Enquirer: 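Quick one: the structure is below, and I'll ask about it shortly.
Here the structure is a predicted model, which is why all the values come from computation and not from measurement.
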Amino acid sequence: FETYKVPKSKKEPFSEVFGLCLGMASSVRLAKRGTGARTRWFVHVEKAVPQIRAKASSSSVTPSADSLNALIETSHSLFPQLEIIGDYHSHPYKSYPQLKRYRGWSASREDANSTAFLYRDLRHKTRRQHRMRVSFVIAIAKGRGTAVSESTRQQPNLVHFNLAGCHVFLSAYRILTNGQMTPNGVTLRRPLREGYRKVG
């Protein structure tokens, strides 16, 4: 909200933001008669840490390698039980119709490439291997509450809510073992006390 509502400069009224998620992952083995066994993973995001030194504009954000190293070092000392479980970045838009027109909640090819690079980089850190499992896209635009289209309502990896005069779409993508992103098999869950509208 800060990078969207507080102008970066006269030429850039808002900018994207990038950050990393600290958390844990757990799994449950499920067996169904006739279909075999499968594993269901649960990803618990405990902390979201924005990268202050990421290079951001109104249409892109480039993570900082030095900031990543600082987070790894600090989190190892403060939160040894947590790993870097994922990342997030925003897609800001001038208006809600523009956000809808461009399907701003969707990850771009550049997003997928950046996430795959970060995934591989984290897997090869010498002190501790971090396994990124989820990537979030947060689309935001000014506007009050309106009906959600049926096409977005059917996506289990997407939630939509209104907050502080803005539409916010939060979409989640699973990160596969090769670093690629997919929305398949992802269901976002939220605490019941939260005031989100589930899109799906």
Enquirer: Is there side-chain contact between Phe136 and Leu188, with heavy atoms separated by less than 4.5 Å?
Expert: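 Side-chain contact under 4.5 Å: yes.
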
Enquirer: Using modelled atom types only, decide if a donor and an acceptor are shared between the side chain of Ser57 and the backbone of Ser59 within a distance under 3.5 Å.
Expert: yes

Enquirer: What is the distance from atom CG of Asp121 to atom CE of Met132, rounded to the nearest 0.5 Å?
Expert: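 Rounded to the nearest 0.5 Å, the CG-CE separation comes to 10.0 Å.
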
Enquirer: What are the two closest non-hydrogen atoms of His89 and Glu16, and how far apart are they?
Expert: CD2-OE1, 3.9 Å

Enquirer: Return the CD1 to NZ distance between Ile85 and Lys47, rounded to the nearest 0.5 Å.
Expert: 14.0 Å

Enquirer: Is the side chain of Gln180 donor-acceptor paired with the backbone N or O of Leu176 at a distance under 3.5 Å, no angle test?
Expert: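 Checking the backbone N and O of Leu176 against the side chain of Gln180, no donor-acceptor pair under 3.5 Å is found.
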
Enquirer: Without swapping roles, check the side chain of Ser75 against the backbone of Leu71 for a donor-acceptor pair under 3.5 Å.
Expert: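 Checked: pair present.
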
Enquirer: For a 4.5 angstrom cut-off between non-hydrogen side-chain atoms, does Ile72 reach His130?
Expert: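 Sidechains of His130 and Ile72: in contact.
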
Enquirer: If I compare all heavy atoms of Lys5 with all of Ala164, which pair ends up nearest, and what's the gap?
Expert: NZ-O, 2.5 Å

Enquirer: Kindly determine whether Thr182 and Arg174 satisfy side-chain hydrogen bond (donor to acceptor under 3.5 Å, both in side chains), including the steps that lead there.
Expert: CA-CA 5 Å; Thr182 179; Arg174 184 165 52 117; 5.1 Å; no

Enquirer: Is there a side-chain contact between Leu30 and Arg40 in this structure, where contact means two heavy atoms from C-beta onward sitting under 4.5 Å apart?
Expert: yes

Enquirer: Indicate if Ile175 and Leu68 have the same hydrophobic cluster label, given that clusters are the connected sets of ILVMFWY residues with side-chain heavy-atom separations under 4.5 angstrom.
Expert: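 In one cluster with Ile175: Leu68, yes.
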
Enquirer: Any side-chain donor-acceptor pair under 3.5 Å between Ser67 and Arg53?
Expert: no

Enquirer: Cluster question for you: counting only ILVMFWY and a side-chain heavy-atom cut-off of under 4.5 Å, with indirect links fine, are Phe42 and Met24 together?
Expert: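 Phe42 does not cluster with Met24.
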
Enquirer: For Ser108 and Asp111, which I'm curious about, is there any donor-acceptor pair between the side chains at under 3.5 Å?
Expert: yes

Enquirer: Can you name the nearest heavy-atom pair linking Asn178 to Tyr119, along with the distance?
Expert: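 For Asn178 and Tyr119, the tightest heavy-atom pair comes out as C-CE2, 4.3 Å.
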
Enquirer: Using the rule that Ile, Leu, Val, Met, Phe, Trp and Tyr join whenever any side-chain heavy atoms are under 4.5 Å apart, tell me whether Phe169 and Val186 fall into a single cluster.
Expert: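 They do not share one cluster, since no chain of ILVMFWY contacts under 4.5 Å joins Phe169 to Val186.
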
Enquirer: Taking C-beta and beyond as the side chain, do Arg133 and Trp41 meet within less than 4.5 Å on heavy atoms?
Expert: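 They are in side-chain contact.
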
Enquirer: State whether the number of non-hydrogen atoms from other residues, nucleotides or ligands found under 6.0 Å of Phe117 atom CZ is greater than 12.
Expert: no

Enquirer: Tell me whether Phe161 shares a hydrophobic cluster with Tyr88, the cluster being built from Ile, Leu, Val, Met, Phe, Trp, Tyr side chains joined at under 4.5 Å.
Expert: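 They do share one cluster, since a chain of ILVMFWY contacts under 4.5 Å joins Phe161 to Tyr88.
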
Enquirer: Same cluster for Leu20 and Leu78 if Ile/Leu/Val/Met/Phe/Trp/Tyr side chains link at under 4.5 Å?
Expert: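 Yes, because Leu20 and Leu78 connect within a single hydrophobic cluster, where side-chain heavy atoms sit under 4.5 Å apart.
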
Enquirer: So Asn162 and Tyr96, do their side chains get closer than 4.5 Å, heavy atoms only?
Expert: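 No, their side chains stay 4.5 Å or more apart.
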
Enquirer: Measure up the His91 and Tyr93 rings against each other and bin them: parallel (under 30°), tilted (30 to 60°), perpendicular (over 60°).
Expert: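 Aromatic pair His91/Tyr93 classed perpendicular.
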
Enquirer: What heavy-atom pair brings Ile140 and Cys166 nearest, and what distance separates the two atoms?
Expert: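 For Ile140 versus Cys166, the nearest heavy atoms are CG1-CB, 4.0 Å.
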
Enquirer: Hey, does the side chain of Ser58 reach the backbone of Ser15 with a donor-acceptor pair shorter than 3.5 angstrom?
Expert: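 Flag not set: sc Ser58 to bb Ser15 has no pair under 3.5 Å.
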
Enquirer: Between Ser171 and Asn157, is any side-chain donor less than 3.5 angstrom from a side-chain acceptor?
Expert: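 Absent: no donor and acceptor within the cut-off.
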
